[in-house]
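Order of listing sets the numbers, starting from 1, for every ligand and every atom in it. Side chains included, hydrogens not; waters and symmetry mates left out as well; all remaining heavy atoms used.
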Amino acid sequence: SILAASITVKDELFYGFLRPWLGQSLLLSNGEDWSRRRRLLTPAFHFDILKNYVKIFNHSSNIMHSKWRRLVAEGESRQDMFNHISLMTLDSLLRCTFSYNSNCQESSSEYIAAIFELSTLVIERRGRILHHWDCLYWRSPEGQRFKQACSVVHGFTRTVVQERRAQLLHRGEPESHTDTTGGEEKKKKKRVADFIDLLLLSKDEDGHGLTDEEIKAEADTFMFGGHDTTASGISWVLYNLSQHQDHQDRCRAEVNDLLQDRKTEDLDWSAPVRPSVRPSVRPSVRPSVCLSVRLSTRDMTVPGGRVIPQGSICLVSIYGTHHNPEIWPDPDVYNPMRFDPENSKDRSSHAFIPFSSGPRNCIGQKFAMAELRVVVALTLRRFRLTPGGVEVRRLPQLVLRAEGGLWLTLETLDNTLTQ
Ligand code: HEM
């Protein structure tokens with residue numbers, strides 16, 4: 001009820017460190033300002049839009065898998081999943097948000113390095129009490145690094161937004177580009193509208209759109225909110241499947257069955273990857289985001305009759321909710337059957353909240369789940385995953401990570417069609 005209540009707002013102590021990076025975006029705004037933004041942004045996450053991105057998810061997975069094949073052939077079959085998958089989710093997001101091909105999975109990119117730097121610095125700042133004061137932080141070496149990384153990220157986003165606005169004014173629609181399909185023949189093909197196009201075109205009831213500064217804040221927020229979370233989800237799915245070979249085999253058989261009569265391995269939105277893959281993915285997004293924080297703006301009575309006084313900071317443990325033994329017996333056991341309709345029918349809808357709940361739930365959840373399914377399905381088709389021989393210790397940060405990385409051993413499977 002704390003997440004659902006309209007009398008709680010985002011707490012500045014918890015979220016404030018993100019503000020110099022993300023600005024006044026959907027994630028950090030409150031009240032009427034938040035609801036206007038949410039109305040303007042919601043159409044960009046409609047199924048009709050998202051289904052166009054599935055090609056990008058396939059493409060980014062293909063790049064990652066080619067790299068894995070090469071590494072395995074060179075004898076480096078033990079790999080840190082977080083490392084590879086974070087780059088892959090950033091690659092996808094850059095393409096879906098800005099139509100930008102950073103090539104970041106193959107070579108280093110200043111922009112991507114700045115995003116990693118900012119994510120690390122935000123966590124570090126939280127843990128150092130003296131750095132909570134702006135006057136001390138901005139003078140510290142970490143504060144200077146934060147400023148530097150922000151200027152790289154903001155510079156990039158600002159340039160794309162301004163250039164795209166100018167194109168839109170001249171051409172009135174997303175720019176076209178030349179694509180080669182069908183041998184030598186070159187066909188003019190329209191570029192898929194990305195998030196920047198959609199935000200530039202969105203208008204509220206009074207016909208007002210978002211300013212360049214507002215679009216920049218939202219795009220930076222998608223990059224922040226969409227990469228680590230999805231990478232954590234995918235990494236933990238693969239980890240869980242590496243621990244349960246029987247289930248991994250069942251999921252792989254299902255994916256192979258699905259692709260049996262196809263000429264390519266590209267999965268589309270409608271790929272009926274079920275009944276095994278879907279429930280395998282669900283338990284693994286349980287821990288992605290560990291915590292949500294709210295500030296009560298009035299006294300609030302919660303079920304059970306207790307009163308949360310005005311001004312209280314409320315920590316809602318998403319991780320704790322998903323590991324509450326009263327709701328989830330044997331909470332640490334990976335059991336996809338928990339999500340069987342028969343086994344879920346008596347469970348409250350608030351028992352499973354990886355994307356939070358209520359009006360401020362995750363706007364990107366369908367995007368994330370589609371990417372998760374594509375990446376997991378293609379990975380199982382192409383690789384067998386076994387434990388990496390290093391004990392995996394959970395490390396709760398903004399998202400759940402693993403201390404020292406999440407190492408798995410990859411074995412290339414030779415059943416691949418053309419990509
Ligand atoms: C598995 C992947 C993901 C998980 C587990 C996740 C989880 C969450 C959670 C728990 C919240 C609520 C935060 C809070 O209450 O403080 C949230 C909000 C949000 N997420 Fe996600 N997220 C994921 C992927 C994405 C993606 C891919 C995007 C964008 C492309 C995105 C964009 C956002 C935004 C903009 C908000 C703020 C919504 C609002 O306040 O109205 N997320 N997410």
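- Using cut-offs of 30° and 60° on the angle between ring planes, the pair Phe222 and Phe45 is perpendicular.
- Proximity of Pro354 to ligand 1, defined as any heavy-atom pair under 4.0 Å, is confined to the backbone N, CA, C and O atoms.
- Comparing heavy-atom distances from atom 23 (C) of ligand 1 across Leu291, Leu372, Val399, Thr229 singles out Thr229 as nearest.
- The ligand atoms of ligand 1 that sit less than 4.0 angstrom from a heavy atom of Ala368 are 1 (C), 2 (C), 24 (C).
- One finds no salt bridge joining Asp194 and Arg95 here, because no Lys/Arg side-chain nitrogen approaches an Asp/Glu carboxylate oxygen to under 4.0 Å.
- A salt bridge links Glu214 with Arg37; the closest basic N to acidic carboxylate O contact falls under 4.0 Å.
- At a heavy-atom cutoff of 4.0 Å, ligand 1 is contacted by no atom of Lys366, backbone or side chain.
- Note on ring orientation: taking the six-membered ring where Trp is involved, the planes of Phe57 and Phe367 are perpendicular (angle over 60°, cut-offs 30° and 60°).
- Of the N and O atoms on the side chains of Ser292 and Arg294, at least one donor lies less than 3.5 Å from an acceptor on the other residue.
- Less than 4.0 angstrom separates some heavy atom of Arg294 from each of these atoms of ligand 1: 14 (C), 15 (O), 16 (O).
- Between Asp220 and Arg158, none of the side-chain N atoms (NZ, or NE/NH1/NH2) sits under 4.0 Å from a carboxylate O, so this pair counts as no salt bridge.
- Every side chain to side chain donor-acceptor pair (under 3.5 Å) that Trp68 has, sequence neighbours left out, goes to His84.
- Contacts between Ile353 and ligand 1 below 4.0 angstrom, taking non-hydrogen atoms only, are absent altogether.
- Not a single N or O atom of Thr230, backbone or side chain, sits closer than 3.5 Å to an N or O atom of ligand 1.
- The Asn361 neighbourhood of ligand 1 comprises atoms 38 (C), with distances under 4.0 Å to a heavy atom of that residue.
- For ligand 1, the atoms lying closer than 4.0 Å to a non-hydrogen atom of Trp34 are 39 (C), 40 (O), 41 (O).
- If you look at Arg38 next to ligand 1, the close heavy atoms, those under 4.0 Å, all belong to the side chain.
- Numbered from 1 in the order shown, with element, the atoms of ligand 1 that lie under 4.0 Å from a heavy atom of Arg360 read 12 (C), 40 (O).
- Ranked by closest heavy atom to atom 16 (O) of ligand 1, the top entry among Trp236, Tyr15, Phe355, Tyr53 is Tyr15.
- Here the shortest heavy-atom distance to atom 42 (N) of ligand 1, taken over Ala44, Cys362, Ser92, belongs to Cys362.
- For residues 58-67, there are no salt bridge (charged side-chain N to carboxylate O under 4.0 Å, His left out) pairs, not counting sequence neighbours.
- The distance criterion of under 3.5 Å between nitrogen or oxygen atoms is met by Ser292 with respect to ligand 1.
- The closest donor-acceptor contact from the side chain of Glu76 to the backbone of Leu71 lies at 3.5 Å or more, if one exists at all.
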